[in-house]
Structure formats: C-alpha cells, structure tokens
Protein chains: 2
Amino acid sequence: MRIGELAERAGTTSKTLRFYEEQGLLPPADRTPSGYRDYAPDAVARIDFVHRGQAAGLTLAQIRQILDIRDSGHAPCEHVRDLLDARLAEIEQQIAQLTALHGTIADLRHDAAHPDPVTCSPDQVCRYL
Amino acid sequence: MRIGELAERAGTTSKTLRFYEEQGLLPPADRTPSGYRDYAPDAVARIDFVHRGQAAGLTLAQIRQILDIRDSGHAPCEHVRDLLDARLAEIEQQIAQLTALHGTIADLRHDAAHPDPVTCSPDQVCRYL
DNA sequence: CTTGACCTTCCCCTGCACTGGAAGGTCCAG
DNA sequence: CTGGACCTTCCAGTGCAGGGGAAGGTCAAG
C-alpha cells in the first residue's frame, strides 16, 4: 500500500504520515524499487493508536514514548497509567484555572453591562479592564 | 525614563517592550539624542493595561484593537464587551471539552487500574488506549 | 581612560503539529 | 508518447508571545 492509500484509510494525509515517520512515530517504511514508501496493512492500526492517544490529549512525544516501549518488546501499561494520571491532573488544573478566569471575566462583563462612555475618562484605556 | 527602568516598573523586560512597540501595542517611543528610547511615566499604565488584558485571556492582537480604538479618540466600551462575551463563550466551551476529556481519560485510567501485561496482546500497542 | 551597565538593531530560536509549495521522478491509461 | 495522478526530498511558514545572543554605540563612576 502506498502512502496516499494509507493516509486515506487512516483518515489523515500523506504529508502527516511522512511527518510522523520523521518524528519516529512510524518506523521507516519499506520502499518499492522506485523509492515509493510501501506499507503493510497493519500500519493503519498504528496510526489509529496515534489518533487515540491524541484524542486522550497526549502529545506526539508522549505517544512516541509508548510506542517505543512497545517496540522494544515491553508492555507500556505502567507508563500509560502514569501518562493518564498526569493528564488527569493537568486537565483538572486547567479546568480550575479556566473556572477562575471565567469568574473574573464575568465580573468585568457585569460591570460593563451598561455602557456609559461618559464616565470613561480619556486618560485610562478602559475602565472595565 | 529609559526602557530598562520602564520594564522594571511595569514588571516586564526591555525585550518585551520592544516587541510590544513592534506589534503596535506601544506607540513608537521618543528618542534621546543618542537614540535611546525615552518614555513618559504614563507608559507604565499602558503596559499595565496590556497585562490586565492578558490576565483576562485576551490575545495581544485583541488588546491592540482596544488600544487602537482608544487611541483614535473613541471609547472602546462596546468592543470590550464583545471581546469579553466572546472570551466567556470560548472559556465555557473549553471547560466543556476538558470536562468531557477528563471523563474519557478517567474511564481509560479506570480500566488500566490493574496492570496485567499478560492480557496485552503484542499485536496491539496498548489495550488501555 | 577604562570598566561595566545599559542601550541599539539584527536575525534566529522556542514548542506543537502540522501545511504549502517547488523541483523533480514514476506509473498507468489512452 | 503524452497527460495526469501519484510519489520523492527539501525548504519554509503557520500562530502565539516572546527569548537568546551577536555586534556595536553610550553614559556615568572611578
């Protein structure tokens, strides 16, 4: 299977697959005599795994770590659990920050509910911010 | 006041102030005969405003829009309200997405609670993802 | 007169995950 | 044998908000 077909089957682009290979997410592909990349059908599963990792909010570098562990013949279970735990903590922190920011902005927006340019002194940029 | 002093007073760096000027957030500074930037004391307030805008999650481009309106002699109230409304909507959407993602990852993590490499078939990367 | 702190412009680098495009090679149908 | 679809490599850019560092000018203290 050539790169275009693989891309379509995996729901991505040729460009992205070359990028993944360059980043070490995909092993260097076999080549046809003329130099075209030639993929086995199971390459789709590996790309799907990358996509699932992305859906879980992992970076390509993290997904690559998992892949490297698997490729070295080990089970990446523990590492995956650690990554998931770290992601959960990150997300919780992000939600907390966004919630706080939402409160702050909602307050500002409340003050700005009744536009009154007259009370805006020209020497400040905006009294609502 | 020279750029280093302004930077310190405003809690930032000279580098950043030059960058802000380049981006149109600060007007081109006056220069001393030798070419040094020379700021009036009220420059601090403008940088503070930029920082407040950033604290509200606005991009420099958005803050610049507000500044441009103000500099053109108008009151930016309405524009600020629109930006705050847009930010609130964005934040709500981000929180919703993160909450959904948290649920998904928590489920994955739950499945992965009891590591059992034996049940990991080597032809899949990781049964937890 | 020199040292050191400060300033100037200039260009490149960071992280993340790609995307665009140029120049050229390959393959297959008509 | 030609056209078009596909492939190759390589270089460069995207958005965001700066940071790093070079090469050189300026200023005040000692």
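Throughout, protein chains are lettered first and strands after them, A, B, ... in sequence-line order, and every chain is numbered starting at 1. Since the structure is predicted, the reported quantities are computational estimates derived from the model, not experimental observations.
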Closest to the [X] side chain, choosing from [options]:
X	options	answer
A/Phe19	D/dA17, C/dA17, D/dT8	C/dA17
B/Arg18	D/dC7, D/dG18, C/dC7	C/dC7
B/Arg31	D/dC7, D/dG18, C/dT9	C/dT9
A/Thr13	C/dA17, C/dT19, C/dT9	C/dT19

[atom1] of [X] versus [atom2] of [N]: gap in Å, rounded?
X	N	atom1	atom2	result
A/Ile47	C/dA17	CD1	C1'	15 Å
A/Met1	D/dC7	CE	P	12 Å
A/Ile63	C/dC18	CD1	C1'	14 Å
A/Gln62	C/dA17	CD	P	9 Å
B/Glu5	D/dT26	CD	P	21 Å

Of B/Leu58 and B/Thr32, the one whose closest DNA chain D nucleotide lies more 5'
B/Leu58

Taking 4.0 angstrom as the limit, do [X] and [Y] come out as a salt bridge?
X	Y	value
A/Asp111	B/Arg81	no
B/Arg31	B/Asp38	no
B/Arg64	B/Asp68	yes
A/Arg87	A/Asp82	no

Nucleotide N/O to protein N/O under 3.5 Å, stretch nucleotides 10-16 of chain D:
none

OP1 or OP2 of [N] versus the side-chain N and O atoms of [X]: is any pair under 4.0 Å?
X	N	result
A/Ser34	C/dC27	yes
A/Gln54	C/dC18	yes
A/Thr16	C/dT19	yes
B/Arg37	C/dC7	no

Checking B/Arg18 side chain against B/Ile3 main chain: does a donor-acceptor pair fall under 3.5 Å?
no

Which part of the nucleic acid does A/Arg2 contact within heavy-atom distance under 4.0 Å: base, sugar-phosphate only, or nothing?
sugar-phosphate

Which is true for B/Gln23 with a 4.0 Å heavy-atom rule: it touches a base, it touches only sugar-phosphate, or it touches nothing?
nothing

Is any side-chain N or O of B/Tyr36 under 3.5 Å from a base N or O of C/dT8, one able to act as donor and the other as acceptor?
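By the distance-only test, no, there is no pair.
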
Is it the case that the base of D/dG18 and the side chain of B/Tyr20 share a donor-acceptor contact (distance under 3.5 Å, atom types as modelled)?
no

Just verifying a value: how many Å separate A/Tyr39 OH and A/Leu17 CG, rounded to the nearest 0.5 Å?
5.5 Å

Residues forming a side chain to side chain donor-acceptor pair (under 3.5 Å) with B/Arg9, sequence neighbours excluded:
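With neighbours one apart ignored, the set is B/Glu5.
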
